[in-house]
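Worksheet for the structure shown next.
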Amino acid sequence: MTATRRLFFALCPDDTIRRALAVEAERLAPRCGGYPLPAENMHVTLAFLGSVDASRLEALVDLTRAWPTLNGEWTLDRLGHFPKPRIVWAGSRTPNEALLTLDAELWQALSRHGFTAPQRDFTPHVSLIRQADRAAPHSRLAAPLRWRFDHLALVESQLGDGGSRYRTLANNAV
Ligand code: 2AM
């Protein structure tokens with residue numbers, strides 16, 4: 001049996017934004033049902049690879065470290081709800097071109113390593129609450145958050161007793 005790792009690419013905010021999002025999640029959870037995610041879990045998933053054979057990890061680490069430095073900005077000003085996976089999330093009212101381009105470029109690079117982009121629209125979001133049966137009572141984030149992103153991370157998701165734990169395996173931070 002070969003070992004696999006559950007991997008994805010993400011942008012991870014700084015502590016100020018993580019904490020602000022966690023406060024929002026705590027505040028909304030009683031209205032939406034479900035449980036708020038902790039500050040350390042806050043991120044936006046770009047390419048989600050899922051279960052990957054461990055032998056491919058080295059190439060993914062190299063790709064991550066060699067990725068050009070990012071210099072983008074994303075304003076989080078909207079709350080949304082995905083009813084099927086039961087997630088309340090934070091995102092933006094207007095599409096962020098830099099994020100969409102980054103995701104597309106990432107998949108282009110990954111395709112050279114044999115990974116295939118999913119046939120789906122990409123809605124950049126930060127999950128705030130899981131098992132949320134109801135949307136937030138309003139669709140605007142109480143106070144918009146301006147997130148300057150400057151590095152890409154390759155992250156491993158490990159399922160534990162208390163939910164998913166995320167571990168950054170590589171990044172392209174200078
Ligand atoms: P979520 O926040 O919307 O749940 C680790 O599981 C990360 O990958 C989470 O951010 C999760 O998104 C995302 N994820 C899990 N399964 C996915 C899938 N099939 N497609 C895209 N992203 C996924």
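Remember, it's 1-based here, ligands and their atoms both numbered in the order they're listed.
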query: Which residue holds the protein heavy atom closest to atom 4 (O) of ligand 1, what is that atom called, and what is the gap in Å?
result: Arg130 NH1, 2.8 Å
- request: Tell me which protein heavy atom sits closest to atom 6 (O) of ligand 1, plus the residue, atom name and distance to 0.1 Å.
  value: Arg6 NH2, 3.4 Å
Non-hydrogen atom of Tyr166 closer than 4.0 Å to ligand 1: yes
task: Report the member of Phe48, Trp89, Phe8 with the shortest heavy-atom distance to atom 17 (C) of ligand 1.
output: Phe48
If you count the atoms of ligand 1 from 1 in the order shown, which ones are under 4.0 Å from a heavy atom of [X]?
| X | result |
| --- | --- |
| His125 | 1 (P), 2 (O), 3 (O) |
| Ile87 | 1 (P), 3 (O), 4 (O) |
| Ser127 | 1 (P), 2 (O), 3 (O), 4 (O) |
| His43 | 7 (C), 9 (C), 10 (O) |

Over 60° means perpendicular and under 30° means parallel, so tell me whether [X] and [Y] are parallel, tilted or perpendicular.
| X | Y | answer |
| --- | --- | --- |
| Trp89 | Phe82 | tilted |
| Trp74 | Trp147 | tilted |
| Phe8 | Tyr166 | perpendicular |

message: For ligand 1, which is the ligand I care about here, please tell me if Thr45 has any N or O atom under 3.5 Å from one of the ligand's N or O atoms.
response: yes
- prompt: Taking distance alone, with no angle check, do Arg120 and ligand 1 share an N/O pair under 3.5 Å?
  reply: no
message: Between the side chains of Asp133 and Arg86, is the shortest nitrogen-to-carboxylate-oxygen separation below 4.0 Å, so that they form an ion pair?
response: yes
query: Going by an N to O cut-off under 4.0 Å, is there a salt bridge joining Glu40 and Arg18?
result: no
- prompt: Is the shortest heavy-atom distance from the side chain of Arg65 to the side chain of Asn172 under 4.5 Å?
  reply: no
query: Taking atom types as modelled, is there a side-chain donor on Asp53 or Ser55 under 3.5 Å from an acceptor on the other?
result: yes
